[in-house]
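Worksheet: one structure, shown below.
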Amino acid sequence: MSVIDVKHLTKTYTTYKRGAGMGQTFRSFFRREEISVQAVNDISFAIEQGEICGMLGPNGAGKSTAIKMLCGALYPTSGEIEVLGYSPARDRKHYVRTIGAVFGQKSQLIWDIPPIDSFKMNKAIYGISTPDFNNRLEELTALLDIAGVMEKPTRVLSLGERMKCEFVMAMLHQPEILFLDEPTIGLDVIAKVKIREFIRQMNKKQNMTCILTTHDLEDVEELAHRVIIINHGEKVFDDSLQRLKLFLGEKKRVSFTFAESVQGTVFDNACTRVVERPSDFQITLEVDTAQISISEFIENISRKHSFSDISVKELPIQQVVMNIYETKKQPEPSL
Amino acid sequence: MKRYVDVYKQCMYSAIQTAAAYRMNFIVSSLITLIGNILFPLVTVLIYRAGTSFPGWSLFEVLLIQSIFTMSSGLSSLVFGGVLWTTMSHVREGSFEVILLKPLNPLFYIVATTFSTESAGLFLGGAALFIFSVMQVGAISALSWLQFTGMFLAGTAVLAGLALMMAAMSFKWVGNSRISELADSVLHVGKYPLPIFPKAVQAVATMIIPVGMVGFLPASALLGRVQASDFAAVLPCFVFMGAGIWIYRHMIRLYEGVGG
Ligand SMILES: Nc1ncnc2c1ncn2[C@@H]1O[C@H](COP(=O)(O)OP(=O)(O)O)[C@@H](O)[C@H]1O
Ligand SMILES: [Mg+2]
């Protein structure tokens with residue numbers, strides 16, 4: 001049974017044009033030109049109980065707008081949303097009791113006081129009983145490893161510590177669905193790993209449904225069973241993670257800074273493609289890891305050249321979207 | 001209902017904790033608010049010292065108006081004073097959703113979370129001046145005290161309504177720091193005996209934007225100078241507050257995108 005059912009969801013923002021330069025600014029005092037932004041454009045999907053669905057897209061794609069509508073904070077311009085039998089925006093006050101949300105860039109913690117007092121605020125807001133609250137808090141703090149953090153004022157916490165506390169805030173009332181908007185943005189690797197593990201555990205133990213938006217392909221690869229990609233407000237892909245991998249191939253981007261100039265050296269071959277050469281010493285290669293493992297590839301390079309810096313990254317989301325557009329024109333690959 | 005009381009209690013606790021965490025800041029800003037709002041009674045003293053007066057009103061009677069005005073402002077900004085700035089910063093940063101995620105009335109939640117401890121100084125300063133003035137104006141009957149209490153609450157409702165209207169404006173005029181000056185200028189009328197103003201201003205100040213209720217009318221009640229018709233002005237006060245609530249909630253709905 002699907003817990004989230006979205007049909008033809010559309011959101012159009014109306015804003016006013018701000019002119020550039022004195023003349024236009026002056027004119028805009030008197031007559032403001034309306035512009036409408038189609039942030040989400042006719043998106044439909046359904047999500048099953050217990051699914052982790054990744055919503056992937058470049059900046060400005062409409063991910064946050066979609067999440068806000070799913071959380072009941074914004075009314076859709078048109079289309080329908082049904083979550084757990086509720087219409088989120090219309091039934092907001094009852095509906096939001098059943099969900100949890102973490103917005104990576106919008107803190108729900110109270111800045112000047114310790115997180116534990118923000119947690120107590122949620123205890124009052126959701127009317128959680130004291131024994132339930134204590135049990136739940138104990139469980140969550142153990143999972144996230146933040147026992148020593150909760151008593152310090154929020155403003156002195158590191159971003160990673162704060163993010164973990166944001167998760168506690170969202171989970172105290174045992175929501176059935178968790179909405180995450182860019183939950184790993186700006187975090188260091190260790191914090192990212194910890195938070196991903198936490199999401200996986202909540203999903204497994206409590207069969208909690210989870211929708212997360214991200215522009216980081218790694219989040220999706222690590223977590224999602226299902227991937228929806230949106231671009232310019234439109235859905236361009238909606239399928240399993242395996243299927244996405246089939247579309248993309250197994251590619252990684254490796255950037256080197258070499259100790260000597262590699263101008264003129266040829267790097268292209270069957271499993272490697274040059275993406276960028278910002279200088280004679282630097283190069284970014286796209287490696288097909290289906291054909292060669294990353295460690296083998298790096299070994300090969302280091303046998304020929306010495307380098308001072310290296311980084312291995314997922315394909316950037318813009319590239320993913322482009323690949324999808326391209327492969328869509330060709331016949332579909334079969335599983 | 002119990003949940004709302006619990007939330008409000010927790011919010012007051014947080015506000016006090018924050019004040020304690022920034023003790024120095026709390027003391028300094030309390031003093032600044034107090035000084036900024038207690039200077040005008042001093043001007044009144046100077047006026048009377050110079051031999052001039054508001055006709056029919058003794059110095060202590062005018063000070064009584066002004067102390068009630070200060071208490072009312074203190075009480076209102078204790079409860080509603082933070083709404084304007086919080087709304088403004090939420091709208092500017094696009095974080096109003098965080099409020100909408102809570103299973104509460106959003107206006108209540110904003111009011112609760114913006115409990116402004118530093119206005120306690122203003123309220124207490126006003127109260128001190130009030131006690132001082134009351135002792136100088138002679139005996140006051142129990143009935144007058146009762147009338148005063150009702151009118152004082154009505155006056156505070158006017159200030160609350162005004163605060164909410166200003167906050168509602170900040171949805172549209174994001175980042176306009178002059179919005180609060182607008183309210184302040186309207187309020188000046190409440191600080192002086194109403195009869196010194198032209199008839200038209202008097203009418204507006206009792207029936208439309210009932211600022212007369214903020215200082216003048218409650219003081220008149222204490223001095224036994226109210227007429228039956230003055231009580232008619234109590235109703236517009238609560239209508240005014242209702243209007244403030246309605247406008248603010250309307251702006252929330254626009255923010256949510258219902259308007260289109
Ligand atoms: N409150 C708003 N008013 C007007 N335009 C907005 C508003 N919020 C977002 N937008 C626009 O809508 C589009 C989608 O934004 P958003 O949903 O934040 O994208 P994402 O989260 O994928 O980066 C962008 O073009 C953005 O500029
Ligand atoms: Mg976003």
Engaged part of A/Tyr13 at the chain B interface, taking heavy atoms whose separation is under 4.5 Å: neither
Straight-line distance of B/Lys9 NZ to A/Met121 CE, nearest 0.5 Å: 13.0 Å
Proximity breakdown for A/Pro114 and chain B, heavy-atom pairs closer than 4.5 Å: side chain
Which portion of A/Lys68 sits near chain B, non-hydrogen atoms under 4.5 angstrom: side chain
Can you give me the closest heavy-atom contact between B/Glu97 and A/Ala73, atom names plus distance? CG-CB, 3.8 Å
Donor on one side chain, acceptor on other, B/Asn105 and A/Lys93, under 3.5 Å: no
Heavy-atom contact with chain B under 4.5 Å, split by part of A/Ser64: neither
If you count the non-hydrogen atoms of other residues, nucleotides and ligands that lie under 6.0 Å from CD in A/Glu138, is the total more than 12? no
Where on A/Arg155 is there a heavy atom nearer than 4.5 Å to chain B: the side chain, the backbone, both, or neither? side chain
Under 4.5 Å heavy-atom distance to chain A, tell me which part of B/Tyr22 shows up: side chain, backbone, both or neither. side chain
Is B/Tyr109 close to chain A through its backbone or its side chain, or both, or neither, when contacts mean heavy atoms under 4.5 Å? side chain
Flag if over 12 foreign heavy atoms under 6.0 Å of CD, A/Gln174: yes
OG-NZ distance between B/Ser14 and A/Lys120, expressed to the nearest 0.5 angstrom: 10.0 Å
Check the surroundings of atom CZ in A/Arg136: do more than 12 heavy atoms from other residues, nucleotides or ligands lie under 6.0 Å from it? yes
For chain A, the option from B/Leu104, B/Thr18, B/Thr113 that forms the most heavy-atom pairs under 4.5 Å: B/Leu104
Decide yes or no for A/His94 and B/Pro103: does some side-chain heavy atom of the first lie under 4.5 Å from some side-chain heavy atom of the second? no
When heavy-atom pairs shorter than 4.5 Å are enumerated against chain A, which of B/Val5, B/Val7, B/Asp6 gives the highest number? B/Val7
Are B/Leu101 and A/Phe103 side-chain neighbours, meaning at least one heavy-atom pair lies under 4.5 Å? yes
Check the pair B/Glu256 / A/Arg92 against salt bridge (charged side-chain N to carboxylate O under 4.0 Å, His left out), numbers first and verdict last. CA-CA 11 Å; B/Glu256 290 175 306; A/Arg92 188 181 61 79; 3.8 Å; yes
Are A/Lys106 and B/Glu93 close enough that some pair of their side-chain heavy atoms sits under 4.5 Å apart? no
Looking at B/Arg3 and A/Ile125, would you say the former's side chain and the latter's main chain have a donor-acceptor pair under 3.5 Å? yes
Can you check whether A/Asp117 reaches B/Gln17 side chain to side chain, under 4.5 Å on heavy atoms? yes
A/Ile110 versus chain B, the contacting section by heavy-atom distance below 4.5 Å: side chain
